[in-house]
Amino acid sequence: MDVFDARFLREFLVVAQDGSIRRAAERLNVVPSAISRKIIEAEARLGVALFERTSKGMTLTEAGELMREHARHVSDEQTYLLDQIGHFSESGSHTVRIATGEGFTSDLMENGLLELTREAPHLRFIIEHAGTEELQRRVVEGEVDIGIAYNPVITEATRSLVQSRQPLCAIVPFHSPLARRESVTLADMLEHPVAMLNTGYGIRQLVGQAAAGQGLALRVHVETSSIALLLRYVGAGVGGSFLPRFSAMNQAHRGDLAVLNIDETSLQDVSTHLMVRARRRLPKSVEYVATCLAEKMIAFRS
């Protein structure tokens, strides 16, 4: 068995991601013993352990981390080659995988994909919703080509192709006394019931840190992973929430709610990011889509 065989590297990546040979085998529809045997043979040939086996599963060793980086590079280069070859085929069909926060959905569909469909009808898309942390993981692990995130933690594992300052705003019911103001303080907002995204999202962390900095108690009335639910919560007049302006533009234009600036510096210096995996050579289709989204989406207009 060739340690650097493309099939083995694909299986290795799934095991590294899942931390389990059994779960990896289920995803790949192969016999677990076959993957286990290949890993043992690879470790024997290399003379080092690639995984640490514990009761909780399998974790990569230092040598395993190096192998994972190589496997990702091979996968990226294969995708790049197939994309290049596809430009010369009659079908010319390419699939671009995007992970995005739910708050970008309307903007992505109405401004990004609408234009892409007109200008590049041969492109196909797989679009997934994810919280900020999960979104970044999918970009780093190569599960998606492009990540669109709000206030991500910047690491060396990702590269932001474009970023734009998009302050966090107060979202309040249209008939709320606060709606008549031009701006509000964080203290003003926390005097009323608020619904918020859960802790897997950058917005929750931002507001939590700002509240702690002012000595304010952050009592969350409703916690959810759904921005649609947040907007309905506010629209129904139950209480307020916190979102970037572009996430609530349609509802604000209909008069369902009001979007206000917040007088808090830490909530104003926030950015949206369009990111890819660091050190990856981007296929032309991915590069084209990223450029189009950066130009067309409101989230990337400062």
Side-chain angles (χ1 to χ4, degrees), residues 13 69 71-89 91-167 201-203 227 244-247 249 270-302:
L13 279 174
E69 187 60 29
R72 286 172 177 166
H73 176 74
V74 170
S75 177
D76 287 345
E77 287 299 298
Q78 183 180 54
T79 301
Y80 181 87
L81 175 63
L82 292 174
D83 183 87
Q84 296 296 92
I85 291 174
H87 281 285
F88 298 102
S89 69
S91 64
S93 179
H94 308 275
T95 299
V96 178
R97 303 161 300 166
I98 301 172
T100 178
E102 186 188 352
F104 294 92
T105 301
S106 295
D107 190 13
L108 175 62
M109 295 299 168
E110 295 171 13
N111 301 304
L113 253 61
L114 182 60
E115 290 296 323
L116 280 167
T117 300
R118 291 169 178 167
E119 298 174 6
H122 62 284
L123 289 174
R124 300 291 179 269
F125 300 91
I126 296 174
I127 300 176
E128 304 169 348
H129 282 153
T132 309
E133 294 177 359
E134 173 63 13
L135 185 155
Q136 287 184 278
R137 185 197 67 78
R138 294 185 190 183
V139 172
V140 173
E141 296 291 341
E143 296 176 23
V144 296
D145 301 301
I146 296 170
I148 303 174
Y150 187 71
N151 191 47
V153 177
I154 305 304
T155 71
E156 293 182 353
T158 60
R159 174 166 59 101
S160 292
L161 299 180
V162 63
Q163 63 186 73
S164 173
R165 181 174 172 274
Q166 294 286 349
Y201 292 77
I203 289 176
I227 287 180
R245 186 174 298 275
F246 61 82
S247 295
M249 284 182 62
V270 192
S271 300
T272 53
H273 291 251
L274 192 152
M275 62 180 66
V276 296
R277 193 162 79 85
R279 296 177 294 280
R280 180 189 179 191
R281 184 162 62 155
L282 296 180
K284 288 188 181 298
S285 55
V286 174
E287 191 172 25
Y288 175 78
V289 169
T291 299
C292 187
L293 295 181
E295 291 176 351
K296 306 297 184 182
M297 289 179 64
I298 295 172
F300 297 110
R301 300 175 193 170
S302 298

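Being a predicted model, the structure only gives us computed values, none of them experimental.
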Where the side chain of [X] meets the backbone of [Y], is there a donor-acceptor pair that is under 3.5 Å apart?
X      : Y      : result
Ser271 : Gln163 : no
Gln166 : Ala299 : yes
Gln136 : Val153 : yes
Thr117 : Leu113 : yes
Arg159 : Glu156 : no

If you round to the nearest 0.5 Å, how far is [atom2] of [Y] from [atom1] of [X]?
X      : Y      : atom1 : atom2 : value
Lys296 : Thr291 : NZ    : OG1   : 11.5 Å
Leu108 : Ile127 : CG    : CD1   : 5.0 Å
Arg301 : Asp107 : CZ    : CG    : 7.5 Å
Glu110 : Glu115 : CD    : CD    : 12.0 Å
His273 : Phe300 : NE2   : CZ    : 9.0 Å
Thr272 : Ile298 : OG1   : CD1   : 11.5 Å

Intermediate values then yes/no, side-chain contact (heavy atoms from CB on, under 4.5 Å), Leu274 and Met297: CA-CA 11 Å; Leu274 192 152; Met297 289 179 64; 5.7 Å; no
Can the ring centroids of Phe246 and Phe104 be said to lie less than 6.0 angstrom from one another?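 Distance test on ring centres: under 6.0 Å, yes.
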Would you please name every residue forming a side chain to side chain contact (heavy atoms under 4.5 Å, CB included) with Arg72, sequence neighbours left out? Leu13, Arg68, Glu69, Val140, Glu141, Arg277
Set of side chain to side chain contact (heavy atoms under 4.5 Å, CB included) partners for Ser247, sequence neighbours left out: Leu243, Pro244
Report yes or no: do Thr105 and His129 form a side-chain donor-acceptor pair below 3.5 Å?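 Yes, His129 and Thr105 have a side-chain donor paired with an acceptor closer than 3.5 Å.
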Are Tyr201 and Glu102 close enough that a side-chain donor and a side-chain acceptor fall under 3.5 Å?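 Absent: no donor and acceptor within the cut-off.
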N-O pairing of Glu287 and Lys284 below 4.0 Å: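 Answer for the salt bridge query: no.
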Hey, is Glu133 close enough to Arg137 for a salt bridge, meaning N to O under 4.0 Å? no
Tell me the closest heavy-atom pair linking [X] and [Y], and the distance in Å.
X      : Y      : answer
Leu293 : Gly112 : CD2-CA, 3.7 Å
Leu123 : Ser285 : CD2-CB, 4.0 Å
Ala149 : Leu135 : CB-CD2, 3.9 Å
Ser160 : Ile154 : OG-CD1, 4.3 Å
Ala120 : Tyr288 : CB-CE2, 3.8 Å

Would you say Pro283 and His94 make side-chain contact, with heavy atoms under 4.5 Å? no
Beyond-backbone contact of Asn151 with Ile203, side-chain heavy atoms, under 4.5 angstrom: no
By side chain to side chain donor-acceptor pair (under 3.5 Å), Asp145 pairs with (sequence neighbours left out) Arg97, Arg280
